[in-house]
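What follows is a single structure, written as structure tokens, with notes after it.
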There are 2 protein chains.
Amino acid sequence: MLKKQNHRMTRQRKVILEELKKVKTHPGADEIYAMVRKRIPRISLGTVYRNLVVLSELKEIQTIEHVGTLKRFDGTPENHYHIRCVKCGRLDDAPMEIETYLEKKVRRYTDYAVVGHRLEFIGHCSECAKGCL
Amino acid sequence: MLKKQNHRMTRQRKVILEELKKVKTHPGADEIYAMVRKRIPRISLGTVYRNLVVLSELKEIQTIEHVGTLKRFDGTPENHYHIRCVKCGRLDDAPMEIETYLEKKVRRYTDYAVVGHRLEFIGHCSECAKGCL
DNA sequence: GTACCTGCAAAGCTTTTGCAACTGG
DNA sequence: CCAGTTGCAAAAGCTTTGCAGGTAC
């Protein structure tokens with residue numbers, strides 16, 4: 001049922017991957033577009049996007065801040081963790097206390113002035129888990 | 001320099017807040033729009049967005065998946081944590097090992113089938129911290 | 001040769017904004 | 001009264017997609 005995909009290593013794909021491996025920060029698609037354009041001036045933004053998807057599927061790269069990019073709103077203003085269903089996108093509160101020591105731990109090794117953290121669990125909600133049986 | 005804001009509790013604002021407090025999950029703006037429209041049919045989406053911003057500022061609600069909603073890409077496919085600068089949006093790897101026990105901990109209290117987690121620290125990068133002096 | 005890719009441009013979505021009319025305090 | 005709000009519609013991002021021509025293998 002899954003169509004087999006024979007991915008080709010085109011020049012565009014290769015350069016995108018190289019540029020992405022080269023930098024330490026995590027550029028957005030537009031920044032990648034700018035970097036790659038220095039080497040392939042006529043590449044299109046669409047090509048960049050399509051290749052980022054393919055490279056993610058191939059596990060060559062990682063897409064951060066995935067799935068739904070739309071914002072969600074929470075009626076309870078206190079900080080707390082969330083748990084998200086990969087299948088249906090549902091978002092619930094995670095039944096767990098805030099782990100403040102995580103910030104202490106990272107502070108020892110970074111030069112950022114850490115002011116907070118966000119933790120999100122990923123899984124299948126009880127509804128969607130049924131379908132996985 | 002900061003202009004004083006005298007926020008009014010309009011009917012729209014009130015209903016949006018009520019509806020948001022009412023639900024357990026975390027709806028997106030479009031869902032909130034749908035919920036509120038049942039009570040105020042002629043409310044506009046723009047009003048919903050503007051009020052969500054105001055309510056966030058007033059700390060009445062919380063905006064999840066904040067700041068940059070644009071995706072970012074990472075050349076290293078292994079899972080690791082990130083640290084984000086609130087000021088400039090820069091994203092770096094957090095120098096810290098994966099805390100696998102976090103998942104074990106939350107599994108005890110949730111009916112989700114947990115498959116992973118994402119942790120992101122928030123702070124000021126060394127560049128932006130300079131400006132805070 | 002042909003399935004996979006590319007560039008280009010148009011379309012899609014979510015979110016923001018300009019504006020004139022309206023309203024809470 | 002009048003700064004803050006609203007509805008409407010247009011604009012503004014970022015991302016996806018249709019298409020016809022190109023290319024890796």
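Model, not experiment: these values are computed from the prediction. Below, chain A is the first sequence line, B the second, and so on; all start at residue 1.
Apart from B:Tyr109 itself, the hydrophobic cluster it occupies contains nothing, where clustering links Ile, Leu, Val, Met, Phe, Trp and Tyr at side-chain heavy-atom distances under 4.5 Å. Side-chain contacts under 4.5 Å among hydrophobic residues (ILVMFWY), followed directly or transitively, place A:Leu58 together with A:Val54.
In this structure, B:Ile40 places its CD1 atom 15 Å from P of D:dT5, rounding to the nearest Å. When the C1' atom of C:dC5 is taken as reference, atom NZ of A:Lys14 falls 16 Å away, rounded to whole Å. As a whole-Å value, the separation of B:Asp30 CG from C:dG12 P is 18 Å. The interatomic distance linking B:Leu55 (CG) with D:dG4 (P) rounds to 16 Å, in whole Å.
Residue-to-nucleotide proximity on DNA chain D shows that, of B:Gly46 and B:Gln12, the 5′-proximal contact is made by B:Gln12.
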Under 4.0 Å protein heavy-atom contact, by nucleotide of nucleotides 18-25 of chain D - B base, S sugar-phosphate only: B---BBBS
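Across all strands, B:Leu45 comes closer than 4.0 Å to base atoms (heavy-atom distances).
Partners of A:Tyr81 by ring pair (Phe, Tyr, Trp, His ring centres under 6.0 Å), not counting sequence neighbours, listed by chain and number: A:His117. A:Glu99 pairs by the salt bridge (charged side-chain N to carboxylate O under 4.0 Å, His left out) definition with B:Lys105, not counting sequence neighbours.
Just one residue in the list A:Ile43, A:Val53, A:Asp30 forms a side chain to side chain contact (heavy atoms under 4.5 Å, CB included) with A:Val48, and that residue is A:Ile43.
For residues 106-117 of chain B, the set of pairs meeting the salt bridge (charged side-chain N to carboxylate O under 4.0 Å, His left out) definition, not counting sequence neighbours, comprises B:Glu103-B:Arg107.
Contact between the side-chain N/O atoms of B:Asn51 and the OP1/OP2 oxygens of D:dT6 is found at a separation under 4.0 Å.
For B:Thr47, taking side-chain heavy atoms from C-beta onward, the closest of the listed nucleotides C:dG7, C:dC4, D:dT6 is D:dT6.
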